[in-house]
Engineer: 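The structure follows.
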Amino acid sequence: MRAVVQRVNGARVDVAGETVGEIVGEGLCALVGVTHDDTPEKAAQLARKLWSVRILQDEKSCSDHGAPLLVISQFTLYGDARKGRRPTWSAAAPGPVAEPLVDEVVARLRALGAKVETGRFGADMKVSLTNDGPFTVLLEV
């Protein structure tokens with residue numbers, strides 16, 4: 001699993017003009033991609049890392065502050081554009097494999113005590129955020 005994580009001061013995701021997930025104030029926006037060999041155990045590992053990674057102000061984590069997270073599925077994180085001009089998505093897991101694993105990341109975060117908002121899997125989403133720093137990291141498990 002792979003996640004592009006941004007420290008934010010507010011973020012939201014809209015689908016068809018409706019806000020489906022929003023966090024206010026300091027938190028993390030995590031774009032999560034799934035590949036073919038990912039497992040529920042990897043989803044749990046990613047959730048623990050997202051909850052404890054120390055990238056908020058003063059090297060704090062979401063668990064330190066009770067800061068919220070916005071988790072959004074993003075199959076394009078496994079796109080490969082090394083050849084030609086059109087990326088291939090063959091490394092991205094198909095929806096029936098990926099969706100339950102993204103849901104597992106969210107469930108594990110909530111079990112850890114996190115306030116989590118989400119996008120809508122497979123939808124045409126519009127993501128708005130204020131990147132604080134800017135501060136962006138790539139996490140892989």
Side-chain angles (χ1 to χ4, degrees), residues 1-57 59-141:
M1 294 188 91
R2 180 177 287 171
V4 172
V5 184
Q6 296 180 301
R7 181 175 72 194
V8 299
N9 187 3
R12 79 168 193 265
V13 58
D14 296 331
V15 174
E18 171 194 356
T19 299
V20 297
E22 181 174 22
I23 61 173
V24 177
E26 184 180 42
L28 298 179
C29 180
L31 305 175
V32 176
V34 178
T35 193
H36 299 280
D37 62 352
D38 286 333
T39 62
E41 291 76 22
K42 285 187 178 182
Q45 185 180 3
L46 181 60
R48 287 190 303 272
K49 186 159 283 235
L50 287 168
W51 185 232
S52 62
V53 66
R54 297 178 150 312
I55 62 173
L56 297 179
Q57 293 292 335
E59 296 185 11
K60 300 293 182 181
S61 67
C62 285
S63 64
D64 293 329
H65 285 300
L69 298 98
L70 177 61
V71 175
I72 302 167
S73 62
Q74 182 85 36
F75 80 93
T76 62
L77 293 182
Y78 280 100
D80 184 353
R82 289 178 288 183
K83 294 182 181 176
R85 295 178 295 143
R86 183 175 299 160
T88 178
W89 314 111
S90 60
V97 173
E99 185 174 13
L101 290 173
V102 173
D103 289 346
E104 183 70 15
V105 170
V106 172
R108 294 295 184 115
L109 279 165
R110 289 179 175 150
L112 291 167
K115 179 186 182 306
V116 183
E117 295 286 323
T118 66
R120 187 172 294 154
F121 192 91
D124 180 18
M125 295 178 275
K126 308 299 182 207
V127 179
S128 303
L129 58 88
T130 301
N131 190 319
D132 183 11
F135 203 111
T136 303
V137 296
L138 177 65
L139 301 178
E140 290 195 76
V141 294

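Source: prediction; values computed, not measured.
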Engineer: What residues, two or more places apart in sequence or in another chain, satisfy side-chain contact (heavy atoms from CB on, under 4.5 Å) together with Ala123?
Structural biologist: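 Here the qualifying residues are Val15, Arg120, Met125.
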
Engineer: To the nearest 0.5 Å, what is the distance between OG (Ser90) and NE2 (His36)?
Structural biologist: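 Rounded to the nearest 0.5 Å, the OG-NE2 separation comes out at 6.5 Å.
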
Engineer: Could you list the residues that satisfy side-chain contact (heavy atoms from CB on, under 4.5 Å) with Ala107, not counting sequence neighbours?
Structural biologist: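 Counting only residues at least two positions away or on another chain, Ala107 forms no side-chain contact (heavy atoms from CB on, under 4.5 Å).
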
Engineer: Measure the CG-CE distance between Leu101 and Met1 for me, rounded to the nearest 0.5 Å.
Structural biologist: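 Result: 5.5 Å between the selected atoms.
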
Engineer: Looking at residues at least two apart in the chain, or sitting in another chain, which of them share a ring pair (Phe, Tyr, Trp, His ring centres under 6.0 Å) with Phe75?
Structural biologist: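 For Phe75, the residues satisfying ring pair (Phe, Tyr, Trp, His ring centres under 6.0 Å) (neighbours in sequence not counted) are Trp89.
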
Engineer: Listed by chain and number, what are the side-chain contact (heavy atoms from CB on, under 4.5 Å) partners of Ser52, not counting sequence neighbours?
Structural biologist: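 Scan of Ser52 (side-chain contact (heavy atoms from CB on, under 4.5 Å), adjacent residues dropped) gives none.
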
Engineer: Which heavy atom of Ile72 sits nearest a heavy atom of Gly119, and at what distance?
Structural biologist: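 It is CG1-N, 4.3 Å.
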
Engineer: A quick test of your reading: do over 12 heavy atoms of other residues, nucleotides or ligands sit less than 6.0 Å from NZ of Lys42?
Structural biologist: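 Buried by this count: over 12 neighbours within 6.0 Å.
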
Engineer: Can you name the closest pair of heavy atoms from Gly95 and Pro100 and give their distance?
Structural biologist: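 Smallest interatomic distance, heavy atoms only, reads O-CD, 4.0 Å.
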
Engineer: From Leu129 CG over to Asn9 CG, what is the distance, rounded to the nearest 0.5 angstrom?
Structural biologist: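 Reported to 0.5 Å precision, the distance equals 10.5 Å.
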
Engineer: Please enumerate all residues that pass side-chain hydrogen bond (donor to acceptor under 3.5 Å, both in side chains) together with Thr19, with sequence neighbours excluded.
Structural biologist: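 For Thr19, the residues satisfying side-chain hydrogen bond (donor to acceptor under 3.5 Å, both in side chains) (neighbours in sequence not counted) are Asp14.
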
Engineer: With sequence neighbours left out, what residues match Glu59 under side-chain hydrogen bond (donor to acceptor under 3.5 Å, both in side chains)?
Structural biologist: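 Applying side-chain hydrogen bond (donor to acceptor under 3.5 Å, both in side chains) to Glu59 gives none.
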
Engineer: Could you tell me which non-hydrogen atom of Pro68 sits nearest to which non-hydrogen atom of Cys62, and how far apart they are?
Structural biologist: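 Closest approach of Pro68 to Cys62: O-SG, 4.1 Å.
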
Engineer: Check for a donor-acceptor pair, side chain of His65 on one end and backbone N or O of Leu56 on the other, with a separation under 3.5 Å.
Structural biologist: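 No; judged by distance alone, with no hydrogens or angles, the pair does not exist.
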
Engineer: Please enumerate all residues that pass side-chain hydrogen bond (donor to acceptor under 3.5 Å, both in side chains) together with Arg54, with sequence neighbours excluded.
Structural biologist: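 Arg54: side-chain hydrogen bond (donor to acceptor under 3.5 Å, both in side chains) contacts with Asp64.
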
Engineer: For Arg2, does the CZ atom have more than 12 heavy-atom neighbours from other residues, nucleotides or ligands under 6.0 Å away?
Structural biologist: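 Above 12, so yes.
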
Engineer: Please identify which of these residues, Leu70, Leu69, Ile23, Leu28, meets the side chain to side chain contact (heavy atoms under 4.5 Å, CB included) condition with Val8.
Structural biologist: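 The single option meeting the side chain to side chain contact (heavy atoms under 4.5 Å, CB included) with Val8 is Ile23.
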
Engineer: Which pairs with one or both residues in residues 124-134 pass side-chain hydrogen bond (donor to acceptor under 3.5 Å, both in side chains), sequence neighbours excluded?
Structural biologist: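 Matches after skipping sequence neighbours: Gln57-Asp132, Asp124-Lys126, Asn131-Thr136.
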
Engineer: Can you tell me how far apart OG1 (Thr88) and NZ (Lys83) are? Round to the nearest 0.5 Å.
Structural biologist: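 It is 10.0 Å, given to the nearest 0.5 Å.
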
Engineer: Under the side-chain hydrogen bond (donor to acceptor under 3.5 Å, both in side chains) rule, what pairs show up with a residue in residues 96-105, not counting sequence neighbours?
Structural biologist: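 Pairs touching residues 96-105 that pass the test: Glu104-Arg108.
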
Engineer: Working to the nearest 0.5 angstrom, can you tell me the gap between Thr118 OG1 and Leu109 CG?
Structural biologist: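 Separation between the atoms: 11.5 Å.
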
Engineer: Could I get the full list of side-chain contact (heavy atoms from CB on, under 4.5 Å) partners for Ser63, not counting sequence neighbours?
Structural biologist: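 Trp51, Ser61.
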
Engineer: Among all residues two or more places apart in sequence or in another chain, which pass the side-chain hydrogen bond (donor to acceptor under 3.5 Å, both in side chains) test with Arg85?
Structural biologist: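 For Arg85, no residue satisfies side-chain hydrogen bond (donor to acceptor under 3.5 Å, both in side chains) once neighbours in sequence are set aside.
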
Engineer: State the CZ-CG distance between Arg86 and Asp80, to the nearest 0.5 angstrom.
Structural biologist: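 Here the rounded value is 14.5 Å.
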
Engineer: Going through the distances and angles, do Leu138 and Glu140 end up as a side-chain contact (heavy atoms from CB on, under 4.5 Å)?
Structural biologist: CA-CA 7 Å; Leu138 177 65; Glu140 290 195 76; 4.0 Å; yes

Engineer: Show me the pairs that pass ring pair (Phe, Tyr, Trp, His ring centres under 6.0 Å) and involve residues 90-117, at least two apart or across chains.
Structural biologist: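 Checked against ring pair (Phe, Tyr, Trp, His ring centres under 6.0 Å) - neighbours excluded - no pair reaches residues 90-117.
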
Engineer: Any idea which heavy atoms bring Ala67 and Gly27 closest together, and the distance?
Structural biologist: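 Ala67 and Gly27 have their closest heavy atoms at CB-CA, 4.1 Å.
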
